[in-house]
Chemist: 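Provided herewith is a single structure, encoded as structure tokens, for subsequent inquiry.
Atoms within a ligand are numbered from 1 in the order they appear, just like the ligands themselves.
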Amino acid sequence: MLVISTVNGARARRAELACTGRRLAFVPTMGALHEGHLALVRRGLGLADEVWASVFVNPTQFAPGEDFDRYPRDLERDRGLLEKAGATMLFAPSTKEIYPRPSATVLDVPQLADGLCGAFRPGHFQGVALVVAKLLNIVQPHIALFGAKDWQQAVVIRRMAADLCSPVRIEICPTEREEDGLARSSRNAYLAPEERRAATVLHRTLELATAAVRAGERSGAALEAKAAAEVAGEPLARLQYVAAVDPERLTPLATISNHVLVALAVHVGATRLIDNVLVEVS
Ligand code: PAF
């Protein structure tokens with residue numbers, strides 16, 4: 001597997017690949033890879049001839065006081081995992097390479113980015129949109145893959161790419177989970193053993209919400225109240241938000257008719273975790 005750290009190097013390799021006509025899938029990451037990322041690589045291999053990945057801890061999507069400095073970094077481990085999963089190129093640029101100067105361009109998708117996590121992390125999705133737009137411009141993949149755990153992120157990116165007439169297809173792939181249901185996340189590494197046990201409350205809450213919809217609950221507010229009560233039952237957990245929204249528009253659903261996305265953010269100790277479930281009403 002090639003490791004490239006410069007924009008020019010990635011562009012040159014991309015030009016060579018273009019001559020072969022091979023289709024390219026791309027998995028952007030911030031490293032600290034886990035099974036969720038590797039599942040995206042494997043899915044990419046089923047959709048394209050080659051999969052490239054990037055590892056870049058993007059400073060513009062972290063607010064002051066968030067975990068940018070302590071975000072886990074181990075490029076050698078990530079390289080090995082990506083190679084084993086079948087990726088053929090790892091793009092691992094420095095901050096200077098991606099941001100040679102502060103960006104004067106702001107990419108905002110406020111309709112989708114301002115609610116849910118965006119309400120608690122102002123500017124976060126602007127940073128995500130900016131870096132993903134840069135990476136897509138550099139790599140020019142046919143397909144880019146994102147995990148459904150970060151549903152709002154994926155929907156923001158899909159809309160940004162469509163609005164910018166980017167030819168890339170954005171593929172949202174199922175959330176990978178631990179055996180006890182906890183969504184795989186690089187931030188799970190922050191959890192102390194007791195917190196790790198308590199973190200199962202997120203999945204439990206989403207299962208409860210799913211069961212409630214299947215049993216006929218059609219009020220978004222009642223669903224949110226049930227979910228909030230379940231999180232409140234876990235002493236180590238503190239609910240930041242739970243919302244029953246339209247999965248495409250991310251707007252609150254007073255009445256659930258076709259489908260509902262139940263999304264939540266919970267602090268377990270000092271660690272903020274997110275998860276969601278999409279429930280189809282049959
Ligand atoms: O989901 C992530 O790891 C990041 O937000 C992304 C998409 C790689 C952009 O930095």
Chemist: Taking atom types as modelled, find out whether Asn58 and Tyr99 have a side-chain donor-acceptor pair closer than 3.5 angstrom.
Modeler: yes
Chemist: At less than 4.0 angstrom from any non-hydrogen atom of Pro28, what atoms of ligand 1 do you find?
Modeler: 8 (C)
Chemist: Could you check Ile170, Val51, Val27, Val41 and say which one makes a side chain to side chain contact (heavy atoms under 4.5 Å, CB included) with Leu145?
Modeler: Val27
Chemist: May I ask you to check if ligand 1 and Thr29 share an N or O to N or O distance below 3.5 Å?
Modeler: no
Chemist: Run the numbers for me: atoms of ligand 1, each under 4.0 Å from some heavy atom of Val131, listed by number.
Modeler: 9 (C), 10 (O)
Chemist: Between Trp151 and Gln153, do the side chains contain an N or O donor and an N or O acceptor separated by less than 3.5 Å?
Modeler: no
Chemist: Taking all heavy atoms of Ala198 and all of Leu236, pick out the closest pair and write down the distance.
Modeler: CB-CB, 3.8 Å
Chemist: Quick check: does Gln61 get an N/O under 3.5 Å from an N/O on ligand 1?
Modeler: yes
Chemist: Over 60° means perpendicular and under 30° means parallel, so classify the ring planes of Phe120 and Tyr241, tilted if in between.
Modeler: parallel
Chemist: With heavy-atom distances below 4.0 Å as the criterion, list the atoms of ligand 1 near Gln153.
Modeler: 1 (O), 2 (C), 4 (C), 5 (O), 7 (C)
